[in-house]
Engineer: 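First the structure, which I've put down as structure tokens, then a few questions once you've had a look.
Numbers for residues simply follow the sequence, beginning at 1. Side chains are part of it too, since the values below use all heavy atoms of this structure and drop only hydrogens, waters and symmetry mates.
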Amino acid sequence: MSLLRVEHLKKYYPAPSPLFGPKRVVRALDDVSFELDAGETLGLVGESGCGKSTLARQLIRLEEPTSGKIYLDGIDLGSLRGRELRRMRGSFQMIFQDPYASLNPRMSVFSALEEALKLHTKLNEQERADRIAELLKQVGLKPEHARRYPHQFSGGQRQRIGIARALAVQPRFIVADEPVSALDVSVQAQIVNLLQDIQKDTGVAFLFIAHDLAVVEHISHRIMVMYLGRLAETGPAHELCTYPAHPYTRALLSSVPTTWSEKKTERIILTGDVPSPLKPPSGCRFHPRCPYCREICRQEDPVLRSIGGDPKHLCACHFPAETGRKAGKD
């Protein structure tokens with residue numbers, strides 16, 4: 001059984017509506033389903049505004065979904081309230097994007113980590129101190145750093161502290177919401193390698209959200225590509241990056257040619273802007289920008305289906321063979 005199972009998740013936000021006009025909503029997430037196994041890293045990529053961070057907030061119950069189910073270890077997270085939810089929060093945590101904003105500047109590192117341990121464990125004072133020292137060593141910092149404050153650290157060190165805070169209560173699942181996007185390239189590599197080492201040591205599962213496909217391919221076992229609130233394609237990382245089936249995935253990968261097969265690939269420049277989630281296009285949501293668009297794309301909404309008989313590689317495109325695997329091999 002999968003550690004995490006998401007079924008038909010939707011999140012609509014109310015939007016300003018004209019007087020006496022119909023109510024309008026922003027369809028930030030619109031029927032998203034996937035699974036994540038224990039000890040697995042699932043990458044999530046897509047343009048800004050496609051729904052990645054919205055999905056992250058739903059998964060850790062920072063927001064309530066409009067509809068759909070989220071199961072962790074077979075437990076429906078949406079059914080939990082009060083004490084039951086607080087108890088369950090020890091099983092899932094989040095690493096935030098901005099290491100400068102995610103730490104309280106008035107709390108020392110020790111206090112920030114101890115707060116989590118007080119909420120979710122029954123450790124006594126000495127055991128908490130020992131655990132904090134262990135956590136700092138685990139993320140590449142020194143125990144004496146515990147008495148310092150966030151402003152005394154670099155960006156990479158602050159993100160390490162954020163990782164230590166997420167690991168403090170030994171969760172089984174962590175959402176990493178663009179944890180390296182605010183860091184220098186050299187520091188990004190250190191953080192990505194750190195997360196991989198932590199996964200080997202603890203068996204924690206990650207949903208790793210990022211813009212950089214090269215980083216996502218390196219760290220992920222599987223990748224999901226999201227466009228305008230829906231999944232466009234999902235599959236094993238190497239398979240998806242070598243033989244992308246969806247034209248949107250091909251466009252993303254064409255900007256990182258070193259991750260897409262041994263051949264030199266032509267850069268695909270998408271025209272136009274991402275449509276508004278207030279009024280998504282009819283049919284395929286990508287069709288206004290798709291270079292392979294046909295009449296059926298404007299009328300019928302494609303569903304995720306298997307590519308080349310591989311049940312793990314799914315694509316929501318009416319013509320995936322022409323734009324994906326076939327094009328990659330020929």
Engineer: Are Tyr243 and His313 close enough, and set up right, to give a ring pair (Phe, Tyr, Trp, His ring centres under 6.0 Å), and what steps lead you there?
Structural biologist: CA-CA 10 Å; Tyr243 302 114; His313 191 175; 8.7 Å; no
Engineer: According to salt bridge (Lys or Arg N to Asp or Glu O under 4.0 Å), who are the partners of Asp73, at least two apart in sequence or on a separate chain?
Structural biologist: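 Asp73 satisfies salt bridge (Lys or Arg N to Asp or Glu O under 4.0 Å) with Arg172 only.
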Engineer: Quick one, Glu178 with Ile209, criterion side-chain contact (heavy atoms from CB on, under 4.5 Å). Give me CA distance, side-chain angles, the key distance, then yes/no.
Structural biologist: CA-CA 5 Å; Glu178 301 195 39; Ile209 302 172; 3.9 Å; yes
Engineer: Find out whether the Lys NZ or Arg CZ of Arg289 is both under 6.0 angstrom from the six-membered ring centre of Tyr248 and within 45° of the ring's axis.
Structural biologist: no
Engineer: Does Pro277 offer a backbone N or O that forms a donor-acceptor pair with the side chain of Arg27 under 3.5 Å?
Structural biologist: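 Side chain of Arg27 to backbone of Pro277: no pair is present.
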Engineer: Kindly say whether Asp76 contributes a backbone atom to a donor-acceptor pair with the side chain of Ser79 at under 3.5 angstrom?
Structural biologist: yes
Engineer: Sub-3.5 Å donor-acceptor pair from the side chain of Gln299 to the main-chain atoms of Ile296, do we have one?
Structural biologist: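 Side chain of Gln299 to backbone of Ile296: no pair is present.
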Engineer: Ring centroid separation for Phe286 and His246, is it under 6.0 angstrom?
Structural biologist: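 Ring centroids of Phe286 and His246 are less than 6.0 Å from each other.
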Engineer: Is there a donor-acceptor pair closer than 3.5 Å between any side-chain N or O of Asp37 and the backbone N or O of Glu40?
Structural biologist: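 No; zero donor-acceptor contacts below 3.5 Å.
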Engineer: Mark yes when over 12 heavy atoms from residues, nucleotides or ligands other than Glu295 sit less than 6.0 Å from its CD; otherwise mark no.
Structural biologist: yes
Engineer: So do the side chains of Tyr292 and Pro247 get within less than 4.5 Å of each other, counting heavy atoms only?
Structural biologist: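 The answer is yes, as the side chains (C-beta and beyond) meet within the 4.5 Å cut-off.
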Engineer: What side chain to side chain donor-acceptor pair (under 3.5 Å) pairs are there with at least one residue in residues 83-104, not counting sequence neighbours?
Structural biologist: Gln97-Ser181
Engineer: Inspect the surroundings of CG in Asp201 and state if more than 12 heavy atoms from other residues, nucleotides or ligands are less than 6.0 Å away.
Structural biologist: yes
Engineer: One thing to verify: whether Arg285 and Asp30 come together as a salt bridge, which I'm taking to mean a side-chain N less than 4.0 angstrom from a carboxylate O.
Structural biologist: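 So Asp30 pairs with Arg285 through a salt bridge.
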Engineer: Which residues satisfy the side chain to side chain donor-acceptor pair (under 3.5 Å) test with His8, sequence neighbours excluded?
Structural biologist: Asp31
Engineer: Is any side-chain heavy atom of Leu77 closer than 4.5 Å to one of Leu59?
Structural biologist: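 They are not in side-chain contact.
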Engineer: Is there a donor-acceptor pair under 3.5 Å between the side chain of Gln188 and the backbone N or O of Leu183?
Structural biologist: yes
Engineer: I would like to know whether Arg160 and Leu194 meet side-chain contact (heavy atoms from CB on, under 4.5 Å); could you show each step before the answer?
Structural biologist: CA-CA 9 Å; Arg160 289 174 186 267; Leu194 173 62; 3.8 Å; yes
Engineer: Any donor-acceptor pair under 3.5 Å linking the side chain of Gln159 with the backbone of Phe96?
Structural biologist: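 Checking the backbone N and O of Phe96 against the side chain of Gln159, a donor-acceptor pair under 3.5 Å is found.
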Engineer: With distance as the sole test, does Gln152 use its side chain to make a donor-acceptor pair with the main-chain N or O of Tyr149 at under 3.5 Å?
Structural biologist: yes
Engineer: Assess whether a salt bridge exists between Lys118 and Glu115, defined as any Lys/Arg side-chain N lying under 4.0 Å from an Asp/Glu carboxylate O.
Structural biologist: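 Salt bridge between Lys118 and Glu115, a charged N being under 4.0 Å from a carboxylate O: no.
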Engineer: Within the 4.5 Å heavy-atom criterion, are His318 and Arg294 side-chain neighbours or not?
Structural biologist: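 In short, these two side chains do not touch, never coming nearer than 4.5 Å.
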Engineer: Do Gln58 side-chain atoms and Leu55 backbone N/O form a donor-acceptor pair below 3.5 Å?
Structural biologist: no
Engineer: Would you say the side chain of Leu85 lies within less than 4.5 Å of the side chain of Arg61, judging by non-hydrogen atoms?
Structural biologist: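 Arg61 reaches Leu85 side chain to side chain.
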Engineer: Measure from NZ or CZ of Lys10 to the centre of the six-membered ring of Tyr12, then state whether that distance is under 6.0 Å and the direction lies within 45° of the axis.
Structural biologist: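 Lys10 over Tyr12 ring: no.
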Engineer: Mind checking whether Phe208 and Leu42 have side chains closer than 4.5 Å, heavy atoms only?
Structural biologist: no
Engineer: Has the side chain of Lys11 got a donor or acceptor atom that lies under 3.5 Å from a matching backbone atom of Glu64?
Structural biologist: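 Such a contact is found between Lys11 side chain and Glu64 backbone.
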Engineer: Report yes or no: does His120 contribute a side-chain atom to a donor-acceptor pair with the main-chain N or O of Ala168 at less than 3.5 Å?
Structural biologist: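 Side chain of His120 to backbone of Ala168, a donor-acceptor pair under 3.5 Å: no, none is there.
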